[in-house]
Amino acid sequence: MLKFKRHSFLLSAHEIHRLFSASPAISLVDPITQHQTHLQTTTNINTLQSETSIPQSPPSLDPKHYISQLFKCRNLNQITQVHAQVAVNGLLLHNLALANKLLYIYVQHKAVIDAHSLFGVMTEKDPVSWSVMVGGFARVCDYLNCFVTFREYVRSGECLDNYTLPLVIRACRDTMDINMGRLIHHVVHKFGLHSDPFVVAALVDMYAKCGAIDDAKQLFDKMPERDLVSWTVMIGAYAECGNANESLALFDRMREEDVIPDKVAMVTVVNACAKMGAMHKAGLVNEYIWRMNFSLDVILGSAMIDMYAKCGNLDSAREIFDKMREKNVITWSAMIAAYGYHGKGREALELFPSMLTSGVLPNRITFVSLLYACSHAGLVDEGLRIFNSMWEDHFVRRDVKHYTCMVDLLGRAGRLNEALNLVEDMSVEKDEGLWGALLGACRIHNRIELAEKAAKSLLELQSQNPGHYVLLSNIYAKAGRWEDVAKIRELMTHRRLKKNPGWTWIEVDNKIHRFSVGDHTHGWSKEIYKMLEMLIEKLELAGYVPDTNFVLHDVDEELKQGMLYSHSEKLAIAFGLISTSEGTPLRITKNLRVCGDCHTFIKFVSAIAKRLIIVRDANRFHHFEEGACSCGDYW
DNA sequence: ATAGGGTTAG
C-alpha cells in the first residue's frame, strides 16, 4: 500500500472554491477524484476549436519546424494540433526526437494521459522517452503508473540511464516506500550506476526521508566525489532525523572541502539551525547569507523567520518578516506560529487580518498556528471564535488537529467538560494526539477519572508514542497509584516502547553541549555537579521544594531527589552558569517537555542568579525572568 | 531532447 505523505489528492473546499473563481469552465467533480483535473485529456484531435488554433503554417517535412512550433504552444489544444499535423504527414513515426519532444511538452502541461497514449503507439523508444514518461507520472503524483512504467523500462532490455533512476527513486521517497527504494537500489547496482552523483544523491535523500539514516550515511561516506547536491541532501538528512548537530558539523566540513553553498543549501542549513535552536550558529549563518548576497526570496525568508523564532529571537524573526517583499501563506503562518509558541497570542492574532488584507488565503496550518497561539496564551474566547469561523468565513475544513488545539485550549483553561463534549460530538476521526491532549489537560487539573477515559481510548488505538504512556504514568504517580504506574510500565515493555531519552542542549562559545539525565560524560562534570549542589542549597533557602511527583518510578524519596537533581535541564543550566559571564542570558533547548520540577527550579535560578533564561521545549518557549515564567505556568 | 537538494503545525 502506498502512503502519500508529501502530496495529497484532496483539495480543500477553499481550493475548489478558488479553482472556480479562476476558471468557471471547469465542472464540479467529486473531491476524491479531483486530481483528475490535472490529467487533461483530449479525446478527439479533430474537434479542435479554431480560435485556439495556432496560426496555420505551410506543410513542412522538417521535424525542427514542428519542434519549434511545440515550444510556442501555450495550451493543450495547440499541442494536439501539432500532434495531428505530424501524425498525418508521417513525421512522428520516423522521428524519435520529435516524438520525445511532443511527449515532453505533454508532460510539461500535465497532460499525462495524452503523453501516455502517444507513448503507447511509439514504435521506437529510447531512454529519453522512458525517462519523460516515468517523470510525467511522478509529476502528477500517479506513482503507481510511474513504477509500472519503470518496470516496463527495466523489462524492455533497454539500458537504464542516470536520468530515469533519480526520478523513480524520488517517487519512492515521496511515497515513503523504502522497500521499493531498496529494490531500485539493487537495480542501480546491476546497471553499474552506483557511482553516479545524481543517482546516489537521490538514494541518500530517499533513505534519509524514509528514516534509514544509517543507510543514507553509509552511501554518502562511500561516494567518490560529492557535489553540492549530495552535501545538501546529507545535511538535510541529519536535520530530518533530529541530529541537527551533525548536520551543522557537516556544513562546516563541506566548506572546508571548498564546496560553495548555494541558496538551497543555505535553506537546508537554516532549517538545521531552527531544529537545533542554535542561536550563535544562526547568527553565523545569517551573516554568511548576507555576505554571499543571496536575495531574500519567499522560501529563504520563511525559513529564516522560523530559524530566528525557534532560536528564541522573536525580534529578528519579525525583522526578516518585515523585510520580505513577497510573503506567502507559509511566511505568514510561520510568523503567527512564532508569536504563538513564544506565548504572544495577541500579536499572533493581530497578524491574521493583515494577512487577509494582503490577499493571502489561510490554510489548515495557519489555523493550527492561530489556535495554538490562543492555547499558549489562554485566549479561550478568541480561540472558539476562530475555530467556528474556519469553515464559514475561510472555507478551511476542520480536521483532527484543529480539534486537538481546541481540546488543549479548553483543557488548559480548566474547561475539561467542554473539551470532552467537543471530542464526543466531533465527526472527524479521532487520533492519538487528540486523546493525548485531553490526557495532558487532565494532568494539569488532576482529573483522574477523565484521564482514565482518555487513556482507555489511547491504549485502544495501540499508541506507539511513549510520551503518552509516560504522561499517564505520571498522572498515576501524582495520585500515588503505584500499582497502576507499574501496569503502564509493563504495558510499555510489552509493546516494546521505551521512554524517549530526554536531552538538553546549550550553546556556549559556538559549541553545542548536550546533556542527558545523570550525565557524567561532560568534561566539566565535576564542576557542574558542584555548582548544582551549591545552587540547590541556595534555592532551598529561598523556598524551593523539590517536587518528586515528576519522577516516574516508585523509589524512595532520597533516591527520587537524586534523580530529580540531575535532570538534563538542570545540568545544562548549571553548566551555563559556570561557563558564561554574569548577566548573560542562557538559552537551552530540550527535546521533550520541560518537567514541572525543573520549571520551578529554573524560575528560582532566574531570580537568584539574575539571569534571563530562555528555554525551548518540545512545545513552546519559556522566558524565565526574576522568578517568573512567560508561560504563566501553563504548558 | 530527459535528471538530484529548499519554507509553516503536530
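Chain letters run A, B, ... following the sequence lines, proteins first, then strands; residues in each count from 1.
- Within 4.0 Å of A:Val270, counting heavy atoms only, lies no atom of the nucleic acid at all.
- Within 4.0 Å of A:Leu228, counting heavy atoms only, lies at least one base atom of the nucleic acid.
- Residue A:Phe198 is in base contact, counting any heavy-atom pair closer than 4.0 Å across all strands shown.
- Partners of A:Asp215 under the side-chain contact (heavy atoms from CB on, under 4.5 Å) rule, at least two apart in sequence or in another chain, are A:Arg182, A:Tyr207, A:Ala212.
- Side-chain contact between A:Lys222 and A:His194 is absent, with no heavy-atom pair separated by less than 4.5 Å.
- At a cut-off of 3.5 angstrom, counting only N and O atoms as typed in the model, there is a donor on one side and an acceptor on the other between the side-chain of A:Asp227 and the base of B:dG4.
- Counting non-hydrogen atoms under 4.0 angstrom, A:Asp297 reaches a base of the nucleic acid.
- Contact annotation for A:Ala337: backbone-only contact, meaning every heavy-atom pair under 4.0 Å involves sugar-phosphate atoms and none involves a base.
- Atom-to-atom, CE of A:Met133 to P of B:dA3 comes out at 14 Å; the value is rounded to the nearest Å.
- Atoms CG (A:Asp205) and P (B:dG6) sit 6 Å apart, rounded to a whole Å.
- Between the side chain of A:His402 and the backbone N or O of A:Phe367 there is no donor-acceptor pair closer than 3.5 Å.
- For A:Lys209 and B:dG6, the shortest distance from a side-chain N or O to OP1 or OP2 is below 4.0 Å.
- One distance of note links CG of A:Asn286 with CE of A:Met266; it measures 9.0 Å at 0.5 Å rounding.
- A close approach under 4.0 Å does occur between a side-chain nitrogen or oxygen of A:Asn271 and OP1 or OP2 of B:dT8.
- For B:dG5, the OP1/OP2 oxygens have a side-chain nitrogen or oxygen of A:Arg170 closer than 4.0 Å.
- Looking at heavy-atom distances under 4.0 Å, A:Ala265 makes contact with a base.
- The side chain of A:Arg173 contributes an N or O atom lying less than 4.0 Å from OP1 or OP2 of B:dG5.
- Rounding to whole angstrom units, CG of residue A:Leu592 and P of B:dG10 are separated by 15 Å.
- In summary, the side chains of A:Ser302 and A:Lys327 do not present any donor paired with an acceptor at a separation below 3.5 Å, with no hydrogens or angles considered.
- The salt bridge (charged side-chain N to carboxylate O under 4.0 Å, His left out) search around A:Asp322 returns A:Arg318, not counting sequence neighbours.
- Between the side chain of A:Asp617 and the backbone N or O of A:Val594, at least one donor-acceptor pair lies under 3.5 Å.
- Within 4.0 Å (heavy atoms only), A:Leu167 reaches sugar-phosphate atoms of the nucleic acid but no base atom.
- Across all strands shown, A:Asn100 has heavy atoms under 4.0 Å from base atoms, whether or not it also approaches the sugar-phosphate.
- Residues from residues 300-317 of chain A with heavy atoms under 4.0 angstrom of DNA chain B, sorted by number: A:Ser302, A:Asp306, A:Lys310.
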